[in-house]
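Scroll down for the structure; my scribbles are underneath it.
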Amino acid sequence: MANEPLVSHIFTADPSAHVFEGKIYVYPSHDRKTDIKDNDNGDQYDMNDYHVLSLESIGRPVTDHGVALKAEDIPWVSKQLWAPDAAFKNGKYYLFFPARDKEGIFRIGVAIGDSPQGPFKPEAESIAGSYSVDPASFVDEDGKAYLYFGGIWGGQLQCWQSGKFDREAYSSMEPQFGPALSPRVAQLSDDMLSFSTDIKEVEILDVDGKLLSSDDHERRFFEAAWMHKYKGKYYFSYSTGDTHFLVYAIGDTPYGPFTYQGRILNPVEGWTTHHSICEFKDKWYLFYHDTSLSGKNHLRSVKAKEIFYDDEGKIKLAT
Ligand code: FUB
């Protein structure tokens with residue numbers, strides 16, 4: 001199971017897995033072939049629709065439910081449908097997704113469906129005040145919903161340090177010293193279509209309570225946020241980007257602060273690494289991607305493997 005892609009008839013990446021209606025549903029990016037050369041801007045990730053996958057359990061056949069949403073149906077989008085996530089609330093399913101708007105700025109959109117496999121009907125505008133990439137939704141046990149997001153370099157988070165989009169900051173990619181750029185979180189409104197709080201910075205600290213620094217490339221946040229809860233604690237996990245690790249930090253509230261704990265997955269084949277963590281029938285699974293099927297950074301395949309916690313709640317490095 002661990003080494004086989006979930007599907008091989010299409011390329012899939014950035015898997016967000018959830019258990020809905022007793023099955024595992026995976027919301028991936030749908031990678032496609034392109035002649036665009038690899039660059040640090042991520043232009044080669046030129047996706048234009050989403051498929052939803054489902055499976056009765058890990059190791060069982062995977063159903064591709066076909067196109068659930070496409071770029072041409074989303075009024076505010078110009079290109080690049082990147083890593084999505086989904087949530088269930090109020091009897092509806094919500095697909096959150098990043099894409100470039102007509103000015104080339106990454107924003108986050110939401111689309112609504114009646115069933116977990118879609119189709120999803122997009123809102124006419126992106127979520128007011130949203131920016132950057134890689135939305136990860138989290139509905140807590142008290143019913144409050146949150147959206148985590150952000151990604152540096154091609155994900156444009158470095159352009160938002162003043163609160164307004166600074167096109168000049170694009171090429172700087174990230175600060176060279178001082179604290180690392182922080183991922184973002186906001187609470188979602190009851191109807192899941194807007195932010196009901198200000199956008200806050202998610203603090204990721206070392207064991208001494210200091211913010212991780214921007215030159216700490218093996219631990220600092222790059223992209224691919226994910227939130228899950230284990231035994232009452234909040235686990236914030238993410239990719240370190242240019243050092244290619246999946247790592248995690250633990251906090252006592254959905255807002256953090258989160259204290260860095262360690263690695264979940266060592267680098268895989270391909271430049272990007274992106275994941276989700278989900279419990280199914282008392283086992284925990286890591287969903288991730290690599291490029292083993294294509295040998296190309298922008299043509300990735302989603303995989304799954306079981307992960308384990310130790311007695312103190314630490315996630316063991318996946319093997
Ligand atoms: O799929 C496009 C981008 O690659 C995602 O937004 C990142 O997380 C990385 O996986």
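Heads up: numbering here begins at 1 and tracks the sequence. In listed order, ligands and their atoms are each counted from 1.
The ligand atoms of ligand 1 that sit less than 4.0 angstrom from a heavy atom of His274 are 7 (C), 8 (O), 10 (O). Counting atoms of ligand 1 from 1 in the listed order, those under 4.0 Å from a heavy atom of Glu223 are 7 (C), 8 (O), 9 (C). Less than 4.0 angstrom separates some heavy atom of His289 from each of these atoms of ligand 1: 10 (O). Per-residue contacts place Met47 under 4.0 angstrom from the following atoms of ligand 1 (heavy atoms of the residue considered): 1 (O), 2 (C).
Summary of contacts: the protein heavy atom closest to atom 6 (O) of ligand 1 is Asp134 OD1, 2.5 Å. Protein heavy atom at the shortest distance from atom 4 (O) of ligand 1 is Arg300 NH1, 3.2 Å. Considering only non-hydrogen protein atoms, atom 3 (C) of ligand 1 sits nearest to Trp82 CE3, 3.8 Å. Closest to atom 1 (O) of ligand 1 among all protein heavy atoms lies Asp14 OD2, 2.5 Å.
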Please evaluate residues Phe222 and Trp271 with respect to the criterion ring pair (Phe, Tyr, Trp, His ring centres under 6.0 Å), reporting the C-alpha separation (whole Å), side-chain torsions for both, the decisive distance (0.1 Å), and the verdict.
CA-CA 13 Å; Phe222 188 99; Trp271 202 94; 5.7 Å; yes

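Atom CG of Asp190 is surrounded by 12 or fewer heavy atoms from other residues, nucleotides or ligands within 6.0 Å. Within a 6.0 Å radius of NZ in Lys229, more than 12 heavy atoms belonging to other residues, nucleotides or ligands are found.
A donor-acceptor contact shorter than 3.5 Å is absent between the side chain of Thr273 and the backbone of Ser239.
Tyr234 and Phe236 have their aromatic ring centers separated by at least 6.0 angstrom.
When all heavy atoms of Thr291 and Lys296 are compared, the pair lying nearest together is CG2-O, 3.2 Å.
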